[in-house]
Amino acid sequence: MKKQLLVASALIAAIPAAFAQTGNSRPQPVVQPHVIPLPADKPYPGTMQLRVDATDVARGIFRVRQTIPVARPGKLTLLYPEWLPGKHAPRGAIAEMAGFKPSAGGKPLTWTRQPTDVYAFDVDVPPGVKTVDVAFDFLSPTRTSEGRVVVTPAMMNLQWEQVSLYPAGYFTRQIPVQLEVTLPEGWTGAAALDGLKVSGNRYSFAPTNYEVLVDSPMFAGRHFRKWNLGQNVTLNVVADEAKYLDARPDHIARHAALVSETVALFGSRPFDRYEFLLALTDEMGGIGLEHHRSSENSRSPDYFTEWDENDHIRGLLPHELVHSWNGKYRRPDKLWTPDFRTPMQGNLLWVYEGQTSYWDLVLAGRSGMQSKEMILGEWATHAGFYSAQPGREWRAVEDTTLDPVIAARKPKPFASWARGEDYYNEGSLTWLEADLLIRQATNDAKSLDDFARAFFGGREGDWGQDAYDFDDVVAALNAVHPYDWARFLRERLQTPGQGAPVRGIERAGYRLAWRDAPNVYDRDRMAQAKNLDLTHSLGMTIDKDGVAGAILWDGPAFKADIVNGTKIVAVDGTAYSRERLEAAIRAATDGKTPVRLLVERGGRYRQIDLAYHGGLRWPHLEKVGTGPDWFDRLVAPRRAL
């Protein structure tokens, strides 16, 4: 036995030497044979026909039939849209596509999906074939765990990129397409597509190009109403129930004022007509997505019927309308792409989204869509959050423009450290500072309004695209007021470790302050979400069931090892309630009493004593001194009254 062990040991010892002589196995990469034609700016030979049967409301299935002309036999590469404008990331819904069957003259054609690009389908086209027919089903999500629900018993959201393919090798604006969609009986649809003809429940449109088609979605519903807002703008609304369409004349007048204020700001219209598509629903998935001549929006069903309680949610339509100028007409050069396969680069989203987030508040104030108190409350909430957000130490605002690709908007364990898409709201605060800087340097003779008109305004009715880069933004700002704008923007947006973004607030004659009651924006958004935001006290939010989330990095909850999903069972030995927790936080201001919690996670319970004594804290903006109120000037109407 001893001899056998010695032999075995010798063999084992010899293995490394053998490997050293012969080397490990080392394969070489397999050369991928598939090549997708790059997009060329040349006309496609023929017009695609797209027919969508959207009548299967019960199961949320769209039946697609598409006829695609072909110029020659051989390989036809069809692409399913992947990189989608407005989503700033590869969000194509390829996983919901099923039953793909190409054919010609009724005979099936062979096809292969490209393994290195799962959005690409290679179809073998025999000699003599002039058109290829494609059939597939789009299996829309029936519950939120599967994705955004786009079909309910009362309404649907038809996004044409989900129910169509296009041939590779062409700019999408060069591919003609004609759409026909069949809706459920008794439903009404709205879309910013031209040449509409309605026959029963069948909607057909004049030929357009594929880029415009994808940019022109449809809302359709059983309960539908539309209003003319002037300026060739229409408000189209679908609702879960007919009663939610009961808008007062004053409600519509404020939407019309929004349109007038926006046109007054930019000085021209980058569209021939514009369609607000608004869903008032608790059933269909939420959305706020811009298009050139329309926008997809959803709000709670009581948007009109509980008008006074919904001030905080009325910033969405101003935001998406502004995008027709900022984002669709004027677009960062790396976000414009010739097709829906070319990757987009969002480094200037702090203009595209950040300045839009600034204008949506200003225009909401100018039009009466939102109160000044609500607008200041929202800016206070954002300024307060960024004053406490530790992730700003290592990650610049511009780096967060990559977050749609990095994170795909999924929840994060410690979002305050990782950061998210902060180019929206920190961008808004940055543009507030820029506006006040210009106003005060020019004695209110110039403002960011002048930049908006010069930079985003264009030829009336031009709904093409005009691309820009960083230097163009700087030059346009300098044309309004000479200043070191390149340094200003690079410091605020491209450099991490900056101070809290409150300089615009301070220039306006206000300061960020803290109170033991929420501002109106925090109050109303907590009421809608049924949660309690204790970011600035215990360093977490708590939902209606007592479950913690949004744990502030290095805050009191974090230091007590509370993580997302931890449930607060009891406060000071009594079952959790919001009122008991707030009372415990107040009691702890004596400097001695801890905030005592019983928490549960994964079936394990423990008691925690939080040594926090700072009381309840929510951010507010407070007027300082007796100087001018610049916020009043910002939200003063510009339209003729």
Side-chain angles (χ1 to χ4, degrees), residues 48-66 86 93 137-138 140-141 148-164 177-210 212-229 232-242 244-245 247 271-281 283-299 301 303 317 320:
M48 297 194 302
Q49 302 293 320
L50 174 62
R51 298 177 299 282
V52 180
D53 184 340
T55 58
D56 193 347
V57 174
R59 292 171 292 196
I61 299 172
F62 298 137
R63 315 283 183 182
V64 180
R65 300 294 182 268
Q66 196 168 352
D137 297 328
F138 181 77
S140 75
R148 177 175 171 257
V149 173
V150 298
V151 180
T152 78
M155 66 180 67
M156 66 176 61
N157 180 190
L158 285 152
Q159 297 176 319
W160 310 119
E161 71 271 11
Q162 295 183 336
V163 292
S164 62
V177 58
Q178 185 168 26
L179 169 68
E180 179 183 286
V181 57
T182 304
L183 298 175
E185 292 285 352
W187 287 35
T188 303
L193 290 167
D194 298 326
L196 171 63
K197 294 181 180 178
V198 180
S199 177
N201 60 335
R202 183 173 299 170
Y203 282 52
S204 60
F205 299 89
T208 186
N209 65 65
Y210 192 69
V212 170
L213 177 74
V214 168
D215 197 41
S216 307
M218 173 181 279
F219 274 18
R222 188 183 308 277
H223 311 295
F224 174 89
R225 193 171 176 185
K226 72 187 302 180
W227 289 270
N228 180 7
L229 302 180
N232 290 341
V233 177
T234 302
L235 176 62
N236 305 271
V237 186
V238 292
D240 288 341
E241 299 179 50
Y244 295 123
L245 298 173
F271 49 76
D272 53 350
R273 66 186 176 99
Y274 187 93
E275 309 284 347
F276 280 114
L277 307 178
L278 175 61
L280 305 183
T281 180
E283 299 179 53
M284 192 167 76
I287 193 169
L289 186 60
E290 67 271 15
H291 301 283
H292 211 135
R293 298 197 296 165
S294 64
S295 59
E296 299 168 277
N297 313 275
S298 65
R299 299 283 77 175
Y303 179 79
L317 269 64
E320 304 307 343

Say you draw a straight line from [atom1] of [X] to [atom2] of [Y]; how long is it, rounded to the nearest 0.5 Å?
X: Leu158; Y: Met218; atom1: CG; atom2: CE; value: 6.5 Å
X: Glu180; Y: Lys197; atom1: CD; atom2: NZ; value: 11.5 Å
X: Asn236; Y: Glu275; atom1: CG; atom2: CD; value: 5.0 Å
X: Glu161; Y: Tyr210; atom1: CD; atom2: OH; value: 7.5 Å
X: Phe62; Y: Asp53; atom1: CZ; atom2: CG; value: 10.0 Å
X: Leu183; Y: Thr188; atom1: CG; atom2: OG1; value: 8.5 Å

Measure from the side-chain N and O atoms of [X] to the backbone N and O of [Y], and report whether any donor-acceptor pair falls under 3.5 Å.
X: Gln178; Y: Phe205; result: yes
X: Ser216; Y: Leu193; result: no
X: Asn297; Y: Leu317; result: no
X: Arg65; Y: Arg51; result: no
X: Glu290; Y: Glu320; result: no
X: Asn157; Y: Phe219; result: no

CA sep, side-chain torsions, deciding dist, call: Thr208, Val177, side-chain contact (heavy atoms from CB on, under 4.5 Å): CA-CA 6 Å; Thr208 186; Val177 58; 4.1 Å; yes
Does any non-hydrogen side-chain atom of [Y] lie less than 4.5 Å from one of [X]?
X: Asp272; Y: Arg293; answer: yes
X: Ser294; Y: Phe271; answer: no
X: Arg299; Y: Leu278; answer: yes
X: Leu277; Y: His291; answer: no
X: Leu179; Y: Trp160; answer: yes
X: Val57; Y: Arg222; answer: no
X: Trp187; Y: Asn201; answer: no
X: Val212; Y: Asp194; answer: no

Which heavy atom in [X] sits nearest to a heavy atom in [Y], and how many Å separate them?
X: Glu283; Y: Asp240; value: OE2-CG, 3.7 Å
X: Arg148; Y: Gly285; value: NE-O, 3.1 Å
X: Ser140; Y: Val150; value: CB-CG2, 3.6 Å
X: Ser164; Y: Gln66; value: CA-OE1, 3.6 Å
X: Met156; Y: Ala54; value: CE-O, 3.1 Å
X: Trp227; Y: Ala247; value: CZ2-CB, 3.9 Å

Can you see whether Thr281 engages Tyr244 through a side-chain donor-acceptor pair at a distance of less than 3.5 angstrom? no
If the threshold is 4.0 Å, N to carboxylate O, is there a salt bridge linking Arg59 and Asp137?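 Between Asp137 and Arg59 there is no salt bridge, as every charged N stays at least 4.0 Å from the carboxylate O atoms.
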Should the heavy atoms of other residues, nucleotides or ligands under 6.0 Å from CZ of Arg202 be counted, would the total exceed 12? no
Verify side-chain contact (heavy atoms from CB on, under 4.5 Å) between Leu50 and Val64, making sure each step is shown before the conclusion. CA-CA 7 Å; Leu50 174 62; Val64 180; 3.9 Å; yes
Can you check side-chain contact (heavy atoms from CB on, under 4.5 Å) on Phe138 and Val52, steps first, answer last? CA-CA 10 Å; Phe138 181 77; Val52 180; over 6 Å; no
